[in-house]
Every structure is written in structure tokens, then in C-alpha cells.
Amino acid sequence: MVSVILKPMKRQGARYDHTAIERAWRAVWEKERLDVAAISGVKSAKRSRRKGPFYNLMMFPYPSAEGLHVGNMYAFTGSDIYGRFKRLQGYEVFEPIGLDGFGIHSENYALKIGRHPMDHAEVTEKRFYEQLHTIGAMYDWTRTVETYDPGYYRWTQWLFVQMFKHGLAYRGKAEVNWCPSCKTVLADEQVIDGCCERCGNIVEKRLLDQWFFRITAYAGKLLDNLKKLDWTEKVKVAQQNWIGQKQGIEITYDILTNDGSSAGEVVCFTTTPVNFAATFLVLSPEHPFVSRILQVTDAQRAADIRRYVTKTQQVSREERERQGKKKTGVFSGLYAVNHVTRERLPVWISDFVLTGVGTGAIQACPAHDARDYDFARTFGLPIRSVISFDTEVHIVVLKKFVSSDFSARLQKIAVYGEDRGEEYAVVAPRQMSEKVVRMVRNELTGPHAFAQADGTVAGVITKDGVLSNPDLCAEFFRSHGYGTDLWPVLADRYPFCYIGDGLMRQSGFLNGMPFARAMQKTMDYFEEKGWGKRVTAYHLRDWLISRQRYWGPPIPMIFCKECAAVGRSWFSTHEAKVMNIVSNNDMSGWPASKRLSAAMAGWYPVPERDLPVILPRIGDYRPGDDGVSPLAKHREFYETACPACGAKAVRETDVSDTFLDSSWYFLRYPSVHSGSNVAEVDRKKGVSDAMRGSLVAVHPSNGPAWAGDAGRGTPKKGSPLVGILGGTPVAGPAGTDRRMTVLEQTRRAASLELPWDPAITKTWLPVSLYTGGAEHSVLHLMYSRFVTMALHDWGLLPFDEPFPVFYAHGLIIKDGAKMSKSKGNVVNPDDYIGRYGADALRLYLMFTGPFDQGGDFRDSAMEGMSRWVGRVWRMALSAIEKHSKESGAKVETALQRTIQKVTADIEHRRYNTAIAALMTWTNLVADENGALGLADLSIFLRLLAPFAPFLTEELWHRAGETGPGIVPSASVHRAPWPDYDAAKVVDTSVTVVVQVDGKLRETFSLPSAGAVDRETVLARARKSDRIAHALGEAKEQKIIFIPGKLLNFVTR
RNA sequence: GCCGCAGUGGUGAAAUUGGCAGACACGCAGGAUUUAGGAUCCUGUGCCCGUAAGGGCUUAGAGGUUCAAAUCCUCUCUGCGGCACCA
């Protein structure tokens, strides 16, 4: 790769001048294109010594306020070390970097400091890239990706269009936080205690039309595929929980008015159809059927319902939880009929039933569900138990003896009731584990009894333990005014109990059947009768894509009123094809073909050849006080022509979610130079800048919003529009011709099919190793997987998982807390790189602990690492000076072992112990008075190179200068990774441990051959005074011998 | 509440098919060297008893399995992360 002999630094004397050395090598590496991956040439390289492509990807950063902090550097360095290691092993490694600079995070900061997001992006890009150049990572700087670059987000928009065309993007209602005073939508984090953070008014929930991606269509595959992924386990578990698969049944109920006439149907979802115990139905306040109820119920009740629904809307979900989950609700006046008992079930409305969960409607079985039980108790609804226990013993807890807090904890596992003025709880036998007994005992303020199913007392729990003496127990009951026939009374009169391994009763054909089997049987029965249908439900919700914000890719959709009026949409002409795709991919829960078309009436994607829809530079980019997207105030942006009928139409003015930008970026990196992207190829000539210029020169808004905008290149009021808006370029002022050319180029490129080169993608993807923070366990990693699966199903990608191997790194904290500006504990790596050098900082960060664990940043330890770097420097210089070929035997053998350990440790990202091994070896060299030959120095430098790229490169060249053949390559970073000699790492002598009764009494060193021989070791041990002393008079009963390791005299 | 992960010296940590607990560092103490140093080098450093030799104790706590447990099992406590009125 590096064809010329690199020029080494001038002699510096003994001190390691990290600043000068780092600067010099950065320049040389860039000139020699050391870190530029052979993206296209890798196939031919494959046949030579290189082992093939390795795509080493680190989650790209979103540029924040402070620039890179040391936590970022920790993560990037850990990833880079592995990349460098793989390259030394002979892989062609591609390690790209970019910026996730679009989105709310960057926008908020820009807003805070009063800078236009476009200008802010420019500032942070410069700052981040400067910093990222200094940390010693092997980034391929010829292939960066910035999500706010039109050359990139054109393809983000393209992706949206494909989603739409494949029926995976749709418009639907979503609940958002709405401040009626500010008339704006608020993000969740802008809602403080249910009130608007700006004006203090109570925030309402509103249903607004939003764009969604139908990620739920992939819920099953997202779950199933987890099995085949090599990911940090806890991230997999997090995804599993988030997807939340559960098997259940949807049961359809006929709803009747009081006089028995039909009012419609409601579908309830349940995983546990205890239908003989169902005594009422509950709908969420947002359930569509509520509006039907309002029509058929009497005026007074309708008013009550309206009031209740309005009230629940004013309370945020967080607020609701804070109110202690007290049950509220309102009766609808309507009834359903229980299929199996034929009883009337009153239909209630309550906010404890959530809209997004199941079908937003439940059949309540208060005897067997704590929430239903609460609700039934609150409103005096009937409770019927249909489960009895198949074992004997129960605990009876008199509530007057426990705290109310504890009583609440018991709720899930106990039967509650009231008898003769005493409240009590009965714990089901299944639940009466040791844990419960201990729990009860700890909380106890008085004695508690066991009862048996036949009513006899089994035992009493007291503070001191469990009394099982029946007489004492009977006495306990008598003293509290109860007979010994307590339990059967309780079971019938207060039947709430936990669902365990009970047997069914009062359940017709299910009687006597174990609970779990009864549920399956019920589902069979309901399906047979046509009352219900088994379904697999998921916790996962569809991905809300739209944002009423400015700093993101405009959603590339056009709405035509004329077409909407006649029910025409893009699907009118493409429906058959779409539905074909849908059915081929077995996406359940799809709207019927007619409905898809109707739901999207009037909607058209922007034609691909017209992408990108440029985000115009506007002055009034702040999120509106009037509740609409900033772009919605720009007629010149949204006015366009309908792609189908040519009538006047409007663009979507929402932008897409940041997570869409980052959901596909890994596909772009290897292909940024591919022929499908003119803009990127010309980037170095400044074309990309010109493109950004085109962002600037867009028609100004009317009015004074522009006056205060200090942004670069803000056009004067009234200047003509430049950009591709409405698909028609508009002439710009003088000097904009060139920009037009670029945009034309971009547009032509956009007519190409894909954002990536298929051949390159086939070679380089999926990503070989993805490294990133566990905080992205769910969102980013889930979205990327979804997008990849969709692209795969459309036949555009040959794989369906983007990151077969994902490694979650730990976090660097400072003084025990996460770094954040508000805490004032952000550590800037620049200061430390300036003072100690990038290598010392890299080493320190990696030495602080295991890479998946993170660590606490401490200055003093940093000093220590700096000292070791100095020792290595002097050790190497001294070896180069002496110029001996061979090391001492001890040093050489130890180095062989070090190769073995460092190789294994890096492979498992145990960087801390790899560094410790290198230190141990340098300590040995020092102990041996620097008996280090150049051949071994060359090996050592290669082992250290992934961690300390600058130091090792400098020493590599100084060693190379001393004579031909000293170092095997021009750059240490293109040298072959050293192999160890298996014969040399075998121990010639081992330490054998001698124990007496498992206690260490003596150790001695023996030749390996002797140490594995029982008699030899035993003979040696017999000679030991210490062993004799330890054994004393005792006679050994047994001798344990582990060859090569241990001898244990057992005297017991 | 549910799920997951963790708990080892003054500090970061090492040691996991069960086999010398504390590697490697930081810090601290003492010493050497240097005009000086944010320099370098040497020695010591888990706790307790002891001048020492030596002995005892020790991996959050309790119990268990084993010749042998930081490691395996049971329970408890503490901390961190995710989910949470999920039907």
C-alpha cells in the first residue's frame, strides 16, 4: 500500500515530543493515503496476502455543543484499535467517520445560541473533523458522510419514497402533546408535570395526522432474527422486550343498548381468556367506538362521557401514573353479552385501558387481575372467581398487622377480603414460597396464620419463625374471633386470587382443568364458534416519522386536493403491484387494498428525478408558536404542481425523524465515490460547498423575521428563488448559475437507481463489526434493522441484517457521574492530547477497565500512563542505539507469550489486560538491563501499534533507519501481525502448589515433565519441612493430585 | 413491580472448563539521583497479631455442594441499566 519509504522524523533527543511527531505522521499518512481503503480493488487484493474486506464501523456522532468529549474518544479509540488490529492481520479495513448532524439535538443547540442551524452545522463540522483528526484513528477521510448534505439526504428522501411506494409509509393519527395557550406541539421532554414548560398551562393530548413507517409489519422478523445475531446479550434482551411478542386471542363482542338493540361490535384482546370470570368490558377513552356510544346513549350520559374523555386528555401519561394509578371511569350505558355465561356485561370507559395496547378494549376478569379487581371494587362491579387451588396450604394475613405499603405489595399474590370488620389477604399456595414467608415475616406486626383448604389451620407465622403446631394455630384464630372454617368462606366470598396452577371451577366444560390448558381450550372453543381469533400481538408500535421542525429532510410527499376529491392517489395506478409485494411478504394487519388507496387519497411521492427536495434556508426556522412546521409558512416552498394531474398542490412541510437519517448511513459509506453520486466525487473541488450554497439562496420569507438573522449569505428580501422546488428550477440572481449546474448534476444522479453501488455493497456489507453505545439498543439499532429488512425484501440488498456483529462499549464517567455540560464535568480530549499526546490518552482510556464497562476519568492515572509511554520511548531508543540483533533469552521467551496474550486479548476487546501484558514485558526488559534486540523491538512495536499509532510509527522508522531488513514494511501499520512460536510459549518449569486440607502450605518449581508425575511431586512434597509441620500428627486420608498444578493432602 | 447486569485492597482493576486471590497500574510511604522538574530510578504497600520467623483473616451478607469456591447452587442486601396500568 505505502510504496515509498516514509521520511522519519528528525532526531529529537531523548524526550518524546508527541506534538511534533503526531503532526508529522498525520501529514505523511494522509499523503500516502495510508488509511484510504481499497474499496474497489479489494477483490484482486484478496488473491494476494490480504485477507479480504473488513468494514469496521463505529456509530457516527451527532455534533453537539462542546465538540468531541473524552467519552466519544473512548468509544472511537476502542473501535479503532480493533480496526488497526485487523489491518495488521492482513484484512483490508474500511473505517469511516461522519456526522449525524441533522435533527432536533443539533437544532436545539443552534436555537439556544441563536445561530442558524445551517451555519451551526458548518461550525460543528469543522470543529468535529479537526478533533477527529487528532485522536489517531485510521479514518478514511476521503469518504465521509454528513446527514445534512443534500447529496446524502436526497437518498434519505428516496428511502421515504420507497417506503411509501411499498406501502410501509402511511399517514395516521397520533397522540401528541398540545399546549392550547401556545398553540404548539410539544416534545415529551418539554412537558413538565403535565404543564407546558413555557407558559405553565395544562398540556392536552391531541390526535394529529402524522407520517408513520409500518415497522410493526416486521415485528416477527425483527424478533426471530435476533437469534442469529452476535450481539451484546443485554442489547438483544432490550430489543426482545421492546418488541414484546405475546400470543393471545381477539374476541368480538356484540354491543347492545339497554333495550336490547344492536349498537355495533367491540373487539377485545387478551392473552388469558378466563371468560367465565369476565363480568364487564372496558374501553379506552380514545377508542373509536366511544363516538358510536355518544350517538346511541342518552344525552345526560353522553355529556358525562364527553366530560370524562376530555378530562383524561388533559392528563399526560406520566401524570396519570403519578396519581397512584387510582381507577377512574364512566359507564357507557351499553352492554355486551358474555359468550359462555350469556350474562350481560356492562361496558365502561376508563383510562386505565390504553389505546395503543392490544385493541384498546378489554374484557375484565376482576377476580383474576389486580387492575380489573381495583376497578370493580371502585365501581361496585361483580367479581366472580373461577379458579380454585389444587394444593392445600394458604397464608392468611390479617391486614391490621401489616403496613399499608406492604399490603399494596401483597396485592398481586393475595386474595383480599373483609370479614367481621377485619381485612385480610390470602396468599395462594403457588405463591407461598420461602420468599413470601420471609416477606411476610419481615413485615409482621402480629401473628399470621396458615389455613388449609379444608379449613383447618396449618400454621402460624410470627416474627420468630413459623409455628406449625395445630393447637397453637387454632388458638391464634380463636383469639382473633375466627372459627377454623375460615378458608372456604374466604374463597367463596372474596375470590380474587392470583392465576397460578389452579384448577378451573364454575366454568362449564373447563371444570377441573388446569389453568394453562383451560386457556388453550377456551381459545380453541372461541375460534370454533367464530367468536374470536388467535393473534400474535406486539408491544412494538409503528415508527412516527414526522417532526414539526425545521432541521431535517423535508418529507418528499405532495398532496393534491383535486385528486383527493375524486379518491385518486399514487396507489390508484400502482396498487396491484404494491399489494403483490404486501402479500408476498406476509405482512399481517394490512389495510385492504381499497382502504390503502382511500387512506392515501391525494398523496403522491415526489418523483425520484426531482430529489432532493432541498431544505430551504429560512429565517423563521424556530418551531412555531402557532403549532405548524416552520416550512408551512413558506408558500414558495410548499406550493407545487400535482405530479399526476398538474393541478396546484402542496408539499408536506414536516421533516423526517433524525433516526431515519442514521438508519441507513452504513450503506452509504463504501459507495460515496460510486458513479451514482456526482456531487460527492466533485466534493474536493469545492462543488459540495457550492451545493450548500444553494441551500442558502432560497427565497426569503416575508417580513422582519429575516432582519435578525445574521446567517451567511442571507439573500435580500425579494431576491428570486433558487433551488429545485416544485420540480422546476427557477432562475437565480447573477452568480448562481454554477449552483444550478450542480443541482442539475445532482438531479441527474438522482435518476440513478440506488444510493449505493451494488457491487461494492456486495463486497463490503453487511458491516463486519459495529461498535456503539448500549443507549441505542432499541431505537437506532431497531430502525436500521427494519430498513435493511425492507430493502432486502424489495430485492435491493442481498442481506437482511445490517450488523451481524455488534459490540456495546461502556461509558466514560467523571467523578462517578455521566459527563454533561450542566454538571460541569465534561473532559475535553484536546487538553490531554496537547499535554500528553494522543497515544498516551488512547492507552490511558483503554487501560482504565474492560471496554464494555467504561470507567471513571482520573487525571492522576493519566500521568502514570504518560510515564510508561516515556519508558517505552527510552527503552526503544536505547535498543536502537545498541543495535543488537538478539534479545536475552528471558526477554525473547516472554515476548512470545506476550504476542499470544495480546492477540487473544484484542480479539476479545480486553484492551486493559493487553496493555498490562505489554507493561509486564517492558518491566522485564528493564529488569534485564535493556537486553533487547531489534527483531524483538520490531515485534513489540507491532503489538503496541493499534494502541499507540504515532509513537510506534516513529520508533519503527528509527529502527528501520539502522539497517536494511530491520523492519519488514514501510509503515508499522502495514506490517504483518507477529505470530508466536508455539514451542517457545510452552513452560519449561511450572510452579506446583501443595495444600493441606485445602490450605496453601508450600509452593515449588519443577520441570514441566516432573510436575505432571504424581510420584515426583509427592516425593518432593514429602521432603518439605513446612508440609511436615502443617501435617503434624494428622494422617492424610486422601491425596488429590492435579498434574502440573496442585497437590492436596486431606486429613479429614 | 418485571427483566437484565454487576458487587474483589485507599483507587481503577486482574484471576471464570472450580485449583497460589489482588496481575498491571494509580495513590501512599521510605530511599537514591539531579542545578531544577508535571523528570528518572530503587524498595515497601489487602487486613489483623508479631521486632522477626511465622500465624490468622479476607472477594457485599447468610447458607449449601466440593479435597478445593471470587468462580457452581439457594436466599438476602446494595448499586446500575431497560421496561412498566402491556390486558
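Letters A, B, ... are given to chains in the order of the sequence lines, protein chains preceding strands, and every chain is numbered from 1.
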- Query: Could you write nucleotides 11-24 of chain B as a row of B, S and -, 5' to 3', where a protein heavy atom under 4.0 Å of any base atom gives B, of only sugar-phosphate atoms gives S, and otherwise -?
  - Reply: SBSS----BB--BB
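Not counting sequence neighbours, the partners of A/Arg534 by the side-chain hydrogen bond (donor to acceptor under 3.5 Å, both in side chains) test are A/Gln520, A/Asp524, A/Glu527. A/Tyr832 pairs by the ring-ring contact (aromatic ring centres under 6.0 Å, His included) definition with A/Phe857, not counting sequence neighbours. A/Asp905 meets the salt bridge (charged side-chain N to carboxylate O under 4.0 Å, His left out) test with A/Lys901, A/Arg910; sequence neighbours excluded.
Here the nucleotide nearest the side chain of A/Val237, chosen from B/C86, B/C3, B/U40, is B/C3. The side chain of A/Arg1001 lies closest to B/G56, out of B/U40, B/G56, B/A87.
By the rule that a glycosidic angle within 90° of 0 means syn, B/G9 counts as syn.
Here the two rings, on A/Tyr836 and A/Tyr844, have centers that are 6.0 Å apart or farther.
A/Arg835 comes within contact range of at least one nucleobase, with a heavy-atom separation under 4.0 Å. In this structure, A/Gly864 reaches the sugar-phosphate backbone alone: every heavy-atom distance under 4.0 Å involves primed, P, OP1 or OP2 atoms, never a base.
Residue pairs that meet the salt bridge (charged side-chain N to carboxylate O under 4.0 Å, His left out) test with at least one member in residues 840-855 of chain A, sequence neighbours left out, are A/Asp80-A/Arg842. Judged as a salt bridge (charged side-chain N to carboxylate O under 4.0 Å, His left out), the pairs with a partner in residues 914-929 of chain A (not counting sequence neighbours) are, in order, A/Lys890-A/Glu928.
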